[in-house]
Number of protein chains: 2
Amino acid sequence: MTVPIGRRERKKAATRKKIADTALRLFLERGYEAVGIRDVAAEADVAVTTLFSHFAAKEALVFERDDDFERCLTRAVTGRAPHEPLVPALHREVQSLVRHCTADSALPVRRLIDGSPALREYEESMRLRHAESLAAAIAGDPGLSKGTTANRTIARFVIDAYSLAREASDPDAALDEIFRMIEAAWAVARTPADTTGTAGP
Amino acid sequence: MTVPIGRRERKKAATRKKIADTALRLFLERGYEAVGIRDVAAEADVAVTTLFSHFAAKEALVFERDDDFERCLTRAVTGRAPHEPLVPALHREVQSLVRHCTADSALPVRRLIDGSPALREYEESMRLRHAESLAAAIAGDPGLSKGTTANRTIARFVIDAYSLAREASDPDAALDEIFRMIEAAWAVARTPADTTGTAGP
DNA sequence: TCCAAAAACATAACCGTTAGTGTTACGATC
DNA sequence: GATCGTAACACTAACGGTTATGTTTTTGGA
């Protein structure tokens, strides 16, 4: 009843993990492009079709923990203290995410990704999906209603902040600056009913 | 001296055009994924290798005129009137680009792109490159020096504006709103020397 | 115990892309 | 105008990611 995880799901998870671990190890050892899907499958002792039943593409083998990213972001919106303003909450969360991925322990994987165009491209297209769900989370917050365009725009800007800060020489400083810009942008985003220009009576 | 285009270059351009035209026609007729590279090559009466010597990838067959996009953007920066502020110039240019691609004549191609994940992904990764060269153009302007981070950030925001406005139900209105946000963001971006916070004397 | 669903499997193919290896047509040079 | 280097093109064959097809094994529950 509680969490009756049966043998079946446990085995499935184990297989998935074994594939991911094996793949990452091989990629780090020999380089991403130098390792074929068939190599990974053989080393993990599974069939190629099994591998693809767990992972949608070769690139996905590297981004195992990536729904985490999405969850962290949306939770920063939906789970923040009542009346806490949106942008600072996102700032904190993105800061934590950037620090997490610029940490020394994550360096080998980062180098792996940066070294392969295919992986970089894949990552960017993931970010777009993340931006969409972030926009949805913002849209779902009754406290702040600024209109669809404003929500989606801010969501994109936040994702940009993550990706730009990561590449900067001083990620923390860059992130501060970008979020100052985002704060200003959010401040002037208009509410749905406000269809007038900038003029007042 | 002037533009001595020889037969060779003319033939090359003709081959390229024939391939692109054939590809687009087939894609529109049967759908992008339903047409293989070998189909295009056969119909254009060239070898597969020839096709790939003109186009880096299958997706590139659809985005023939895409350096235009990049050129328009950078020219909007480098070629604007002296002392004309940056953001409005970019606004005008992006507006023109959005209108161009939401025009009725471009609709079939847009549907083609939106209908294929591969094409959407390819387009987005192009946009990233465009953002980089836009950032470079901004960085190259002696009139405005706000620092690398600010430049790259604004460049990304502008690209976002294009991509978000295109998908909006009212592209013009959405673009106006987004550029109001960008204007605000640009206004608070700090100059390279300015390492202080928000405080004044 | 037996059944239906789920998971893993094996094989073979499809498709984009590239390497290797010529062959032709052009433009420049003498 | 004959020669020569080279850019463009062609053909074959392969490589690597991905998918279709159909089969066998494992598992949870009736």
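Reminder, nothing fancy here: chain letters follow the sequence lines and each chain counts from 1. Model, not experiment: these values are computed from the prediction.
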Rounded interatomic separation in angstrom, taking [atom1] from [X] and [atom2] from [N]:
X        : N       : atom1 : atom2 : result
Glu33(B) : dA20(D) : CD    : P     : 12 Å
Leu61(A) : dG16(D) : CG    : C1'   : 14 Å
Ile37(A) : dC15(C) : CD1   : P     : 20 Å
Lys12(A) : dA8(C)  : NZ    : C1'   : 11 Å
Phe52(B) : dA13(D) : CZ    : C1'   : 15 Å
Lys58(A) : dG16(C) : NZ    : P     : 19 Å
Leu51(A) : dA8(C)  : CG    : C1'   : 12 Å
Arg16(B) : dA7(D)  : CZ    : P     : 18 Å

Which one, [options], comes nearest to the side chain of [X]?
X        : options                   : value
His54(B) : dA8(C), dC9(D), dC9(C)    : dC9(D)
Ala57(A) : dT17(C), dT18(D), dC11(D) : dT18(D)
Arg38(B) : dT17(C), dA8(C), dC11(D)  : dT17(C)
Thr50(A) : dT18(D), dA10(D), dC9(C)  : dC9(C)

Query - Check: Gly79(A) main-chain N/O paired with Arg75(A) side-chain donor or acceptor under 3.5 Å - result: no

Check: Is there a donor-acceptor contact under 3.5 Å from the side chain of Asp176(A) to the main chain of Ala173(A)?
Finding: no

- Please evaluate the base of dC9(D) for a donor-acceptor partner in the side chain of Ser53(B) within a cut-off of under 3.5 Å? no

Applying a 4.0 Å non-hydrogen cut-off, can you work out what [X] is touching in the nucleic acid: base, sugar-phosphate, or nothing?
X        : result
Val35(A) : sugar-phosphate
Val48(B) : base
Asp45(A) : sugar-phosphate

Item to complete: Indicate the ring-plane relationship of His91(A) and Phe179(A), choosing parallel, tilted or perpendicular according to the 30° and 60° boundaries.
Response: parallel

On DNA chain D, more 5' by nearest nucleotide between Tyr32(A) and Thr49(A) is Tyr32(A)

| query | Looking only at side chains, do Thr22(B) and Glu43(B) share a donor and an acceptor under 3.5 Å apart? | reply | no

ask   = Do Asp68(B) and Arg71(B) pass the salt bridge (charged side-chain N to carboxylate O under 4.0 Å, His left out) test, and can you show the C-alpha distance, the side-chain angles, and the key distance before you say yes or no?
value = CA-CA 5 Å; Asp68(B) 285 4; Arg71(B) 255 195 304 279; 2.9 Å; yes

Reading nucleotides 25-30 of chain D from 5' to 3' and marking B where a protein heavy atom lies under 4.0 Å of the base, S where only the sugar-phosphate is that close, and - otherwise, the string is -SBS--

Per ring-ring contact (aromatic ring centres under 6.0 Å, His included), His130(A) is matched among Phe69(A), Tyr162(A), Phe63(A) by Phe69(A)

Please check if atom CZ in Arg111(A) has more than 12 non-hydrogen atoms from other residues, nucleotides or ligands closer than 6.0 Å. no

